Amino acid sequence: MGVMEKEIKRQLDILSSGALEVLPGDGLKAKIAVSLKENRPLIVKLGVDPTAPDLHLGHAVPLRKLRQFQDLGHKAVLIIGDFTALVGDPSGRSATRPPLTPEQVKINAKTYTDQAFKVLDDNPQRLEIRYNSKWLGSFSFETILKLTARFTVAGLLVRDDFMKRYKAEQPIGLHEFLYPVMQAYDSVEIRADIELGGSDQKFNLLAGRQLQEKFEQEPQVALTLPLLEGTDGVRKMSKSYDNHIGLTFEPADMFGKVMRVPDEGPEQPRFSLILKYYQLALGYLPDKVAAIAADLEAEKLDPRDAKEELAWQVVATYQGREAADAARADFDARFRRPRLQTVHADTERIVTRMPAVEISVESNIEREALKEDGTIWVPKLLVLTGGAQSTSEGRRLIEQSGVRFKGELITDPATEVKIEGGEILQIGKRKVYKLTLLPINS
RNA sequence: GGGGGAGUGCCCGAGUGGCCAAUGGGAGCGGGCUGUAAACCCGCCGGCUUAGCCUACGUAGGUUCAAAUCCUGCCUCCCCCA
């Protein structure tokens, strides 16, 4: 095998790892070959819809793949779909999604790129960011007619979710047909060699190929990535399923959420989900993933430790190493060896993230929460600290043995405690507060 | 333009006059257990210093001793025909 062939194979192995589909099957190999022969980087497109400001680990999957391309010297082009977002994203369940204002889109796009830069290489040689309103926004109706004439209704109806909805007699907005068209045009505009997307994007990616051909460009290769399961280990990660791990979550929360992901999904090989996270959420190269898999299999690596490392890496990426270290120490202290009861004496030392809650004498006497002698009804205290939404919830927590004040279990919802400052209040396993008493006039 | 259907707690969804703060599932929360905030088991899951009271079933009225349930207007959504 020649040097060239070896390099092609190396890149192909890395880039196709973890991919769900590569269409056409040998397309990626051909693109890499051309890239090497002509000594030019491939243009790799990833489209982003700035409709939702909250990004989660699932969104990071294509970003990781994009990064792999960058690391091999290729050029990532991030398309911010600000134009499509203005129209309002019709795909999926949430039927009434109000069109966003330009300001919102701008803010969302900023949030997105801020997060994306934590994964991507921001070297301008390797990364370009384009807003599709730049070209789509100025299209005349005539241009649109010419564009749409290149697609047929039957062709669009082939699309899985359109067909399903059509058969199920669910509504399909006319403008929804234009989505693939717009996205396809983006590929033409930037002359994409490869476009990445989730499995739900397959159709749109293929539409790009179709349109590029009409514009006499070499059609792009569509590379789809599997959807990452959420913290339930079953359904795809999504905010609407409440199983997501947000990229902006508090470090401790983020760490815990990763730890909480099951080792494997139902009826899947052991540890498959841990490995999937390594591969997709962290973008580990195939040989490293294989090594972890082997160690797990041989019981050289404890699955708990594998997951802990995973959690650390995730937090480190988005929140920094220090935060990751702290989150890990915190997790160990709270959930690992000792039960909380026995460790309580040391809680203050061990628990790294312990929000100090200031109880203001002045404002709370006015609200009749804190009495003049410094005592307070516990359910009220729980609300003041933010540990409970309502005194009713506070009551429940107490009734269910979830509340400790100065290490002592509170069992009666009517209990009042005296606050002098410095007391530790624990609510459940996760919430620990240190109370600070603010004197009057401070 | 015409005909039909629907709006219930964070989400899905039962409930068609009193037994409804409203079945069930999911999410969430507390406890137990544990390598794990997994799995599993038990409990909670509108508010209120809570054996009681208040507010709630799109919205505004009405019928009734009594309404999520019946009637009317309005709003929103969906389907079919054109």
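We use all heavy atoms of the structure for the numbers below, so side chains are in, but hydrogens, waters and symmetry mates are not. Proteins come first, then strands; the chains are lettered A, B, ... in the order of their sequence lines, and each starts at number 1. Keep in mind the model is a prediction, meaning the values are calculated, not measured.
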### Query
In the strands shown, is rU36(B) matched to any nucleotide by a Watson-Crick or G-U wobble pair with both distances under 3.5 Å, and which?
none
Please produce a list of atom pairs where a protein N or O lies less than 3.5 Å from an N or O of nucleotides 22-28 of chain B.
residue : atom : partner : partner atom : Å
rA27(B) : O2'  : D242(A) : OD2          : 3.4
rG28(B) : OP1  : R260(A) : NH2          : 2.8

### Query
Given the P atoms of rU59(B) and rG9(B), what is the spacing between them in whole Å?
10 Å
#### Entry: Non-hydrogen side-chain atoms of L247(A) and H59(A) separated by less than 4.5 Å
no
### Query
Watson-Crick or G-U wobble partner for rC53(B), using a 3.5 Å limit on both distances?
rG47(B)
### Interatomic distance at P, rC57(B) relative to rU8(B), whole Å
11 Å
### Message
Please classify the nucleic acid contact of E416(A) as base, sugar-phosphate, or nothing, using heavy-atom distances under 4.0 Å.
### Response
base
### Query
Between CD1 of I427(A) and CG of L381(A), what distance do you get to the nearest 0.5 Å?
7.5 Å
### Query
Taking the C1' atom of each, how far is rG46(B) from rC20(B), in whole Å?
14 Å
### d(CD, E393(A); P, rC10(B)) in whole Å
13 Å
### Task
Identify the nucleotide, in any strand shown, that forms a Watson-Crick or G-U wobble pair with rG17(B), with both distances under 3.5 Å; if there is none, say none.
none
### Task
Can you tell me the distance, in whole Å, between the CD1 atom of I410(A) and the P atom of rG31(B)?
14 Å
### Query
Roughly how many Å is it from CD1 in I398(A) to C1' in rU49(B), rounded to a whole number?
11 Å
### Query
Looking only at atom C1', what distance separates rU49(B) and rC54(B), rounded to whole Å?
15 Å
### Message
Tell me whether R321(A) is salt-bridged to D325(A), with the criterion being a basic N under 4.0 Å from an acidic carboxylate O.
### Response
no
### Query
What integer distance in Å separates L382(A):CG from rC29(B):P?
16 Å
### Message
Counting C-beta onward and ignoring hydrogens, is there a side-chain heavy-atom pair between F405(A) and T415(A) closer than 4.5 Å?
### Response
no
### Query
Looking for any heavy atom pair under 4.0 Å, which part of the strands does S392(A) touch: base, sugar-phosphate only, or nothing?
base
### Message
So V314(A) and L282(A), do their side chains get closer than 4.5 Å, heavy atoms only?
### Response
yes
### Message
Angle between ring planes, F255(A) versus F331(A), binned at 30° and 60°: parallel, tilted or perpendicular?
### Response
tilted
### Message
Looking at the base of rU50(B), is there any donor atom on it, or on the side chain of T391(A), that sits under 3.5 Å from an acceptor on the other one?
### Response
no
### Message
Between rA82(B) and rU64(B), how far apart are the two P atoms, rounded to whole Å?
### Response
45 Å
#### Entry: Proximity to the side chain of S390(A) - top-ranked nucleotide from rC45(B), rA38(B), rC48(B)
rC48(B)
### Task
Determine the interatomic distance between P on rU34(B) and the same-named atom on rU55(B); round to the nearest Å.
48 Å
Pairs under 3.5 angstrom, nitrogen or oxygen only, protein versus nucleotides 51-55 of chain B, please.
none

### Task
State which of rU49(B), rU36(B), rC33(B) makes the closest approach to the side chain of K307(A).
rU36(B)
### Message
If you go through the side-chain atoms of Q400(A), does one of them form a donor-acceptor pair with the base of rG43(B) closer than 3.5 Å?
### Response
yes
#### Entry: Whichever of A414(A) and G402(A) has its nearest RNA chain B nucleotide further upstream toward 5'
G402(A)
### Message
Roughly how many Å apart are rC48(B) and rC41(B), using the C1' atom of each and rounding to a whole number?
### Response
33 Å
### Message
Looking only at the side chain of L397(A) (C-beta and beyond, no hydrogens), which of the listed nucleotides rU36(B), rC45(B), rG30(B) gets closest?
### Response
rG30(B)
### Message
In the structure I gave you, are the side-chain heavy atoms of V417(A) and I376(A) within less than 4.5 Å of one another anywhere?
### Response
yes
### E416(A) atom CD: more than 12 heavy-atom contacts under 6.0 Å
yes
### Task
Could you please name the partner base of rA82(B), counting Watson-Crick and G-U wobble pairs only when both distances are under 3.5 Å?
none
### Task
Sort out the partner of rC10(B) for me: Watson-Crick or G-U wobble, both distances under 3.5 Å, none otherwise.
rG26(B)
### Task
Starting from P on rU34(B), measure out to CE on M259(A) and report it in whole angstrom.
17 Å
### Message
Taking D232(A)'s backbone N and O only, do any of them form a donor-acceptor pair with N243(A)'s side chain (distance below 3.5 Å, no angle check)?
### Response
no
### Task
Please tell me which of the listed nucleotides, rC33(B), rU49(B), rU50(B), lies nearest to the side chain of K429(A)?
rC33(B)
### Query
Whole-Å distance between rU50(B) P and W377(A) CH2?
7 Å
### Task
Can you measure from CG (L435(A)) to NZ (K406(A)) and round to the nearest 0.5 angstrom?
10.5 Å
## Note on the structure
Taken to the nearest whole Å, CG/D253(A) to C1'/rA37(B) is 10 Å
### Message
Closest approach to the side chain of R396(A), judged atom by atom: which nucleotide of rA38(B), rU36(B), rG47(B) is it?
### Response
rG47(B)
### Message
Could you check whether any side-chain N or O of Q212(A) sits under 3.5 Å from a backbone N or O of Q220(A), counting only pairs where one atom can act as donor and the other as acceptor?
### Response
yes
### Task
For V383(A) and for S401(A), locate the closest nucleotide of RNA chain B by heavy-atom distance; then report the residue assigned to the nucleotide nearer the 5' terminus.
S401(A)
### Message
Could you tell me how far rG25(B) sits from rC70(B) if I compare only their P atoms? Round to whole Å.
### Response
27 Å
### Residue matched to rA60(B) through Watson-Crick or wobble contacts both under 3.5 angstrom
rU72(B)
### Message
Just the rounded figure in Å: distance from P of rA37(B) to NZ of K431(A).
### Response
16 Å
### Query
Salt bridge check: are D263(A) and K307(A) linked by an N-O gap of less than 4.0 Å?
yes
